[in-house]
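A short write-up of the structure that comes next.
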Amino acid sequence: NLCGFPHFMLKEIQQQPESVQICLAHYFHAISEPLLSVPVNLNEVHILACGTSYHAGLITQHWIEQLVNIPVRVRSGSEFQEAPLPMTANTLTIGITQSGETADTLNAIALDKQRRLAQSEVFQPHLLGITNQPNSALSQRVDWTMPTLAGTEIGVAATKTFLNQLIVCFYFTLELALSRQAISPETVQAYWAELSTLPAKIRAVLQLETQIKPIAQAMINQQHCMVLGRGINQAIALEGALKLKETTYLHAEGYSAGEFMHGPIALLDERVPVIAIAPTDSTHAAMIANLRQVKSHGSPIIGILTEDVPPETASLFDHVLILPAIADPLSPILSVIPLQLLAYHLAVQRGLNVDKPRNITKTLSE
Ligand code: M6R
């Protein structure tokens with residue numbers, strides 16, 4: 001049921017304040033009495049996932065490494081068969097999949113489990129599944145399941161399920177950090193206070209839609225586009241480019257802004273717009289330095305910025321989309337939304353079937 005929306009993708013983007021609220025309420029009750037008995041002797045985490053869920057994995061890697069201080073490796077489910085990661089008896093493996101049925105991710109989890117069983121004397125059954133479908137095949141293969149509680153997502157493009165994956169992964173990071181005394185209970189409380197502001201801030205970001213429609217209009221005939229981010233928002237650059245590619249068929253590349261300077265910058269001219277995710281955090285100065293180079297090649301720049309952007313840098317941008325301020329680690333939860341809306345409006349303005357893009361289906365089952 002579209003409930004008056006023209007497409008499921010737009011409905012699901014607009015549902016994000018409510019779906020995040022439901023997820024937060026569920027996990028808020030859990031923080032004082034943890035849902036999982038995650039072993040405190042973990043010495044590393046592996047994350048297996050594909051597509052948008054893989055990007056949630058990259059953000060989770062950043063969170064766990066920075067807040068828990070243990071190493072995390074993220075591997076695409078489709079690559080794990082060819083190159084399984086070396087693991088120890090105290091490695092936790094997390095499978096992230098919206099559908100819980102993606103064959104590449106399921107096969108990777110099955111191989112992980114098989115390797116643990118082959119070493120059963122020493123290896124622990126440390127497999128965690130994060131999925132929007134708690135009764136899916138994934139849940140049958142893991143030791144614990146954390147539901148993402150986003151409700152049914154019909155559009156092929158993952159939107160609200162991605163945001164809820166991030167909420168669950170951040171909750172998991174806090175729980176792990178707390179159990180290992182890597183952060184204080186006061187810090188956890190401060191993060192919860194920030195998390196509780198998300199539904200209102202997501203609503204504010206959704207108001208940017210009126211500014212995003214003309215940006216989509218300006219991009220209607222473009223062939224290429226670059227999406228740049230730094231630090232934790234590098235994964236959002238990849239996710240934004242994926243959303244643009246799959247719904248609009250625009251050739252969009254997501255890059256680390258720093259890495260982009262090492263060759264790909266040669267692609268730029270006035271026909272290649274650059275979308276820069278540049279919140280005012282510790283990456284901002286380096287990002288602005290990169291963008292000055294981008295500007296010198298003539299590319300129009302669309303900036304996804306935060307409220308406190310210095311006026312002297314605002315002039316670098318041809319279009320500015322301002323996000324509400326949020327604690328730095330949580331910025332991906334807001335910065336992805338303008339990219340979802342841009343992908344949606346560009347696809348619609350190009351006359352494409354945004355809910356069912358060509359060549360892809362929602363679930364890749366076995
Ligand atoms: O159901 P899953 O999360 O396992 O799906 C993984 C990918 O196939 C999926 O994220 C795909 O990339 C989406 N169409 C992205 O919008």
Side-chain angles (χ1 to χ4, degrees), residues 27 30 33-65 67-149 161 164-166 168-180 182 363-366:
Y27 286 98
E33 36 183 300
L35 291 179
L36 312 169
S37 39
V38 176
V40 285
N41 58 350
L42 289 184
N43 56 15
E44 64 174 346
V45 174
H46 291 169
I47 300 178
L48 305 174
C50 297
T52 291
S53 299
Y54 175 83
H55 299 148
L58 293 178
I59 290 166
T60 307
Q61 175 182 35
H62 191 103
W63 284 334
I64 295 177
E65 288 186 342
L67 296 176
V68 189
N69 197 28
I70 55 175
V72 181
R73 301 183 69 181
V74 191
R75 183 136 304 166
S76 162
S78 58
E79 289 296 324
F80 190 72
Q81 309 290 319
E82 281 78 24
L85 295 164
M87 66 177 174
T88 72
N90 291 317
T91 299
L92 172 77
T93 300
I94 307 177
I96 308 178
T97 158
Q98 176 279 128
S99 60
E101 302 288 347
T102 297
D104 284 331
T105 303
L106 291 181
N107 289 339
I109 292 285
L111 178 56
D112 182 290
K113 192 162 188 168
Q114 193 185 319
R115 292 165 78 212
R116 285 173 195 274
L117 290 173
Q119 308 250 12
S120 57
E121 311 240 312
V122 279
F123 276 50
Q124 304 296 315
H126 290 165
L127 275 159
L128 167 65
I130 295 179
T131 181
N132 206 41
Q133 303 294 340
N135 298 319
S136 59
L138 175 82
S139 299
Q140 287 152 28
R141 293 175 194 206
V142 294
D143 304 301
W144 309 278
T145 299
M146 294 178 77
T148 54
L149 306 161
T161 54
N164 278 28
Q165 284 174 344
L166 295 182
V168 174
C169 289
F170 192 72
Y171 164 79
F172 175 76
T173 304
L174 290 182
E175 192 176 292
L176 191 58
L178 202 53
S179 70
R180 294 169 66 92
T363 302
L364 308 172
S365 8
E366 285 176 301

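The minimum heavy-atom distance linking L138 with G129 is given by the pair CD2-CA, 3.6 Å. Closest of all the heavy-atom pairs between S53 and Q165 is OG-NE2, 3.0 Å. Nearest heavy-atom pair, S139 versus N135, reported as atom, atom and distance to 0.1 Å: OG-N, 4.3 Å. Residues C169 and I96 come closest through the heavy atom pair SG-CD1, 3.9 Å. Closest approach of P86 to R115, counting heavy atoms only: CA-NH2, 4.1 Å.
Side-chain atoms of E65 come within 3.5 Å of backbone N or O of V72 as a donor-acceptor pair. Looking at K113, its side chain does come within 3.5 Å of a backbone N or O of R141 through a donor-acceptor pair. Using modelled atom types, no side-chain atom of T93 and backbone atom of H46 make a donor-acceptor pair closer than 3.5 Å. In this structure, E101 contributes its side chain and S136 its backbone to no donor-acceptor pair below 3.5 Å. The backbone N or O of A83 lies less than 3.5 Å from a partner atom in the side chain of R75, making a donor-acceptor pair. Remark: the backbone N or O of C50 is not paired with any side-chain donor or acceptor of S76 at under 3.5 angstrom.
With values rounded to the nearest 0.5 angstrom, T145 atom OG1 is found 10.0 Å from L127 atom CG. Within the model, atoms CG of L42 and CZ of R180 stand 6.0 Å from one another, a figure rounded to the nearest 0.5 Å. If you take CD on E79 and CG on L85, they are separated by 11.0 Å, rounding to the nearest 0.5 Å. Rounding to the nearest 0.5 angstrom, the gap separating the CG atom in L149 from the OG1 atom in T161 is 12.0 Å. Here the straight-line distance linking atom NE2 of H126 with atom CG of L128 works out to 11.0 Å at 0.5 Å rounding.
Side-chain contact between N90 and E44 is absent, with no heavy-atom pair separated by less than 4.5 Å. Inter-residue side-chain proximity for N132 and N164 is flagged as unmet; no heavy-atom pair is nearer than 4.5 Å. Within the 4.5 Å cutoff, side-chain heavy atoms of P84 are placed close to those of L111. Considering only heavy atoms from C-beta on, I47 comes within 4.5 Å of T60 through its side chain. Under the 4.5 Å side-chain criterion, counting only non-hydrogen atoms from C-beta, Y54 is not in contact with D104. Contact annotation: the side chain of Y27 never approaches that of E175 to less than 4.5 Å [non-hydrogen atoms, C-beta and beyond]. In this structure, the side chains of D112 and F80 come closer than 4.5 Å at one or more pairs of heavy atoms. At a threshold of 4.5 Å between non-hydrogen side-chain atoms, the residues I94 and L48 do not count as touching.
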- Run the numbers on R116 and T91 for side chain to side chain contact (heavy atoms under 4.5 Å, CB included), then give the verdict. CA-CA 10 Å; R116 285 173 195 274; T91 299; 4.3 Å; yes
- Task: With side chain to side chain contact (heavy atoms under 4.5 Å, CB included) as the test, would you mind laying out the steps for L176 and I70 before giving the verdict?
- Result: CA-CA 10 Å; L176 191 58; I70 55 175; 4.2 Å; yes
- Task: Take Q81 and N107 through the side chain to side chain contact (heavy atoms under 4.5 Å, CB included) test and state the conclusion after the steps.
- Result: CA-CA 8 Å; Q81 309 290 319; N107 289 339; 3.2 Å; yes
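For CG of N69, the number of neighbouring non-hydrogen atoms (other residues, nucleotides, ligands) closer than 6.0 Å is 12 at most.
Take T105 and apply the side-chain hydrogen bond (donor to acceptor under 3.5 Å, both in side chains) test, not counting sequence neighbours, and it matches no residue. When the side-chain contact (heavy atoms from CB on, under 4.5 Å) test is applied to L67, the partners found at least two apart in sequence or on another chain are F170, T173, Y191.
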